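Just so it is clear, the model here is predicted, and its values are computed rather than measured.
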Amino acid sequence: MDMSNYYVPSESKWPIIGATAVFLTVFSLAMAIFESKTGISWFTKILALGSAVLLIYMLVGWFSNVISEDQQGLYSNQLNRSFRIGMGWFIVSEVMFFGAFFGALFYARMLAVPWLGGEGDKGVSGMLWEGFQAQWPLLNNPNSELYPSPSGVIDAWKLPFLNTAMLVTSSITLTFAHHALKEEKRQQCKAWLLGTLMLGVVFLFVQGYEYYHAYHELQLTLNSGIYGSTFFMLTGFHGAHVTIGSILLAVMLIRVLKGHFSPNEHFGFEAAAWYWHFVDVVWLLLFVFVYVL
């Protein structure tokens, strides 16, 4: 093997900075959930802000390094293959991540609630509070002061359906952008990619309004029992992934505007596209199993 064509990156500070930023982000999120009943402290707010700044610093620095190395032509075919394998395994890990939350939803909905209603050998309905009904969504909570029962659920065929249409459309526009790049039609690529990014940003604004509606009009919160917690954990983490995907698309748009990529060498664009299509598929599952069924 000709080792002269194999590029070995120099030592980098970005992995440890990234790991620290992710840890602090998750820790601040856990603290915010823990303090949600009594009010989020200033320490938690400052920690969340600091971790976000650190995460942005890591992303900008690491992206800049990789883009610079790529533009210098330092990456060999062997390294490009390793990038593809790494991105593939990363998406597999994301499948496992969301699989765990969908598994929790399945367990609560299909097993735990029927058991509590007296179904099967594990039925314990005699131990539950008066007025309990074994149905999903579970809206009648035992202690209305600690766990206020929501007055309703989000209508699947209004804002969620609108968001579904936008994400499906964004996958189509991103595919057009990819084909335009491979055909060296850069103006079309820029237009389709900008459209995809705008659809992702609008999706986030619509979901933010949906959360406002859930909290202030339906009293559906993280403290609304098992339904509220599964709803916000699944949709919230998906929203975080849409945010990350939008950042990736914005970086790809900037690179296309600067003349980066060629019809045969554009893995950065492909990796962002893989991630966005994965996020879209997750949303389709969310729409069906969280909102519709």
Side-chain angles (χ1 to χ4, degrees), residues 25 29 32-33 36 40 48-49 52 55-56 59 91 94-95 97-98 101-102 104-105 136-137 139 148 150-178 190-225 227-254 272-293:
T25 300
L29 176 62
I33 294 174
S36 60
I40 300 175
L49 179 61
L55 188 61
I56 293 172
L59 290 173
I91 291 179
E94 291 286 87
V95 171
F97 177 85
F98 278 102
F101 287 106
F102 276 109
L105 175 65
W136 190 267
L139 302 180
S151 59
V153 298
I154 301 293
D155 188 344
W157 302 107
K158 292 183 179 179
L159 294 180
F161 181 75
L162 174 63
N163 266 348
T164 302
M166 285 193 293
L167 274 192
V168 171
T169 303
S170 73
S171 270
I172 297 173
T173 57
L174 183 56
T175 301
F176 286 161
H178 190 190
K190 295 172 187 176
W192 287 118
L193 188 54
L194 177 60
T196 304
L197 179 59
M198 292 177 64
L199 286 169
V201 172
V202 174
F203 173 93
L204 292 173
F205 275 103
V206 171
Q207 188 172 50
Y209 177 76
E210 177 186 299
Y211 277 12
Y212 178 86
H213 169 65
Y215 260 75
H216 295 278
E217 298 178 23
L218 300 178
Q219 289 75 51
L220 177 61
T221 69
L222 272 170
N223 293 325
S224 299
Y227 176 72
S229 61
T230 53
F231 173 82
F232 282 106
M233 291 298 283
L234 277 164
T235 60
F237 274 118
H238 178 268
H241 282 70
V242 173
T243 302
I244 295 172
S246 298
I247 294 172
L248 293 176
L249 292 179
V251 173
M252 295 307 111
L253 178 59
I254 293 172
W274 293 358
Y275 187 85
W276 192 258
H277 293 314
F278 164 76
V279 169
D280 287 356
V281 171
V282 172
W283 177 258
L284 291 176
L285 295 175
L286 278 172
F287 179 69
V288 173
F289 292 106
V290 174
Y291 289 100
V292 176
L293 297 181

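Taking every heavy atom of both residues into account, Met252 and Leu193 meet most closely at C-CD2, 3.8 Å. Looking at every heavy atom in both residues, Leu234 comes nearest to Phe98 through O-CE2, 4.2 Å. For the pair Ala165 and Thr169, the tightest heavy-atom approach, listed with the atom from each and the gap, is O-OG1, 2.7 Å. Between Ser171 and His277, the shortest heavy-atom contact is OG-ND1, 3.1 Å. In this structure, Val279 and His241 approach most closely via the heavy-atom pair CG2-CB, 4.0 Å. Smallest separation of non-hydrogen atoms from Leu204 and Ser246: CD1-OG, 4.3 Å.
With a 4.5 Å cut-off on side-chain heavy atoms, Val168 and Trp283 do not count as touching. The closest side-chain heavy-atom distance from Tyr211 to Thr235 is below 4.5 Å. The shortest side-chain heavy-atom distance between Leu194 and Met198 falls under the 4.5 Å cut-off. Between Val153 and Phe231, the closest side-chain pair of non-hydrogen atoms is not below 4.5 Å.
Formation of a donor-acceptor pair under 3.5 Å by the Thr230 side chain with backbone atoms of Leu105 is not found in this model. Without hydrogens or angle criteria, Thr173 side chain to Ser170 main chain gives a donor-acceptor distance under 3.5 Å. Looking only at distances, no side-chain donor or acceptor of Thr221 sits under 3.5 Å from a matching main-chain atom of Gly228.
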Mind listing the side-chain donor-acceptor pairs of residues 284-293 below 3.5 Å, one per line with the distance, residues two or more places apart or on another chain?
unit_1: Tyr291; atom_1: OH; unit_2: Glu210; atom_2: OE2; d: 2.6

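Leu199 CG to Asn163 CG: the interatomic distance, rounded to the nearest 0.5 Å, is 10.5 Å. For the atom pair Ile247 CD1 and Ile56 CD1, the distance stands at 7.0 Å (nearest 0.5 Å). Between the OH atom of Tyr215 and the CG atom of Leu222 there is a distance of 4.0 Å, given to the nearest 0.5 Å. For the atom pair CG of Leu167 and CD1 of Ile172, the computed distance is 11.5 Å after rounding to the nearest 0.5 Å. Here the CZ-OH distance, from Phe232 to Tyr227, works out to 9.0 Å after rounding to the nearest 0.5 Å. Interatomic distance, CH2 of Trp192 versus NE2 of His178, reported as 15.5 Å (0.5 Å rounding).
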Exercise for review: Evaluate the ring-ring contact (aromatic ring centres under 6.0 Å, His included) criterion for residues Phe97 and Phe101: first the C-alpha distance (whole Å), next the side-chain angles of each, then the deciding distance (0.1 Å), finally the verdict.
Suggested key: CA-CA 7 Å; Phe97 177 85; Phe101 287 106; 5.2 Å; yes
Exercise for review: Test Asp155 against Phe161 for side chain to side chain contact (heavy atoms under 4.5 Å, CB included), laying out the working first.
Suggested key: CA-CA 9 Å; Asp155 188 344; Phe161 181 75; over 6 Å; no
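The side chain to side chain contact (heavy atoms under 4.5 Å, CB included) with Trp276 is formed by just one residue from the set Val281, Leu248, Leu249, Leu197; it is Leu249.
No side-chain N or O of His238 forms a donor-acceptor pair with one of Gln207 less than 3.5 Å apart.
Few gaps surround CE on Met166; more than 12 heavy atoms of other groups in view lie less than 6.0 Å from it.
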